[in-house]
J.: 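Can you read through this structure? Questions will come right after.
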Amino acid sequence: QVQLVESGGGLVQPGGSLRLSCVVSGLPFSRYIMTWYRQAPGLERELIAAIGGVNDRTMTADSVKGRFAISRDNDENTVYLEMNNLKPEDTGVYYCNADPRPSQPLLKWELMRFGSWGQGTQVTVSS
């Protein structure tokens, strides 16, 4: 069973930075596309970043492009989300997940995800 443990959230002022981490267990990590989702208050969970497992490609949503960067450490089974120039609209709970199809190259934004989620990590951007 896949387990996802997110950490690194907190309260930050606009313009600030945070680095989120997600430790993954229960699957051969390096073979899977890893993703970050965000759920803002009152809104649906949205995909904001993805990184390939068998290819090096990364993709980010337009709302965070140029400010957020996704990376991974396959030796540590960990995926990261570096967030810079944070805005109040970035406030929400951040979750990691994976596309459950192994050995798929990251080619397009339409991705699948596991049905289970971790506890998420809260990010609040406020002065």
J.: Tell me every residue that passes side-chain hydrogen bond (donor to acceptor under 3.5 Å, both in side chains) with D90, counting only those two or more places apart in sequence or in another chain.
T.: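 Result, side-chain hydrogen bond (donor to acceptor under 3.5 Å, both in side chains) vs D90: R38, R67.
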J.: What distance do N97 atom CG and R45 atom CZ have between them, rounded to the nearest 0.5 Å?
T.: 8.5 Å
J.: Compile the donor-acceptor pairs under 3.5 Å between side chains in residues 9-25 and protein atoms, sequence neighbours left out, one pair per line.
T.:
unit_1 : atom_1 : unit_2 : atom_2 : d
S17    : OG     : N84    : OD1    : 2.9

J.: Using atom types as modelled and distance alone, determine if a side-chain donor or acceptor of T124 lies under 3.5 Å from a backbone N or O of T91.
T.: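 Not confirmed, T124 side chain does not pair with T91 backbone.
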J.: Can you hop from V123 to Y95 via hydrophobic side chains spaced under 4.5 Å?
T.: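 V123 and Y95: separate clusters.
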J.: Look at the side-chain heavy atoms of Ile, Leu, Val, Met, Phe, Trp and Tyr, link any pair under 4.5 Å apart, and say whether L27 and I51 land in one connected group.
T.: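 Yes, L27 and I51 fall within the same hydrophobic cluster.
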J.: Looking at S30 and R72, what are the two nearest heavy atoms and their distance?
T.: CA-NH2, 3.8 Å
J.: Looking only at heavy atoms, what is the nearest atom pair of D99 and Y32, with distance?
T.: O-CD2, 3.1 Å
J.: Find out if a path of hydrophobic residues (ILVMFWY) with successive side-chain heavy-atom gaps under 4.5 Å connects I33 to V79.
T.: no
J.: Please check if L81 and V125 belong to a single hydrophobic cluster, counting links between Ile, Leu, Val, Met, Phe, Trp and Tyr side chain heavy atoms closer than 4.5 Å.
T.: yes
J.: When you compare the side chain of F29 with that of T78, does any pair of heavy atoms fall below 4.5 Å?
T.: no
J.: Could you tell me which non-hydrogen atom of N77 sits nearest to which non-hydrogen atom of N74, and how far apart they are?
T.: OD1-O, 3.2 Å
J.: Considering all heavy atoms of both residues, which atom of I70 and which atom of W36 are nearest to each other, and what is their separation?
T.: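 For I70 and W36, the tightest heavy-atom pair comes out as CD1-CD1, 3.6 Å.
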J.: Output side-chain donor-acceptor pairs under 3.5 Å for residues 104-120, partner residues at least two apart or in another chain, one line each.
T.:
unit_1 : atom_1 : unit_2 : atom_2 : d
Q119   : NE2    : E6     : O      : 2.7

J.: Taking the side chain as C-beta and beyond, is there a heavy-atom pair between E82 and F68 under 4.5 Å?
T.: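 Contact flag for E82/F68 side chains = no.
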J.: Can Q39 and Y94 be said to form a side-chain contact (heavy atoms from CB on, under 4.5 Å), step by step?
T.: CA-CA 6 Å; Q39 187 163 23; Y94 285 70; over 6 Å; no
J.: Identify whether V93 and Y37 are in the same connected component of the hydrophobic contact network (ILVMFWY, side-chain heavy atoms under 4.5 Å).
T.: yes
J.: Do you know which two heavy atoms are closest between P102 and R31, and how far apart they sit?
T.: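 Taking every non-hydrogen atom into account, CB-NH2, 3.6 Å.
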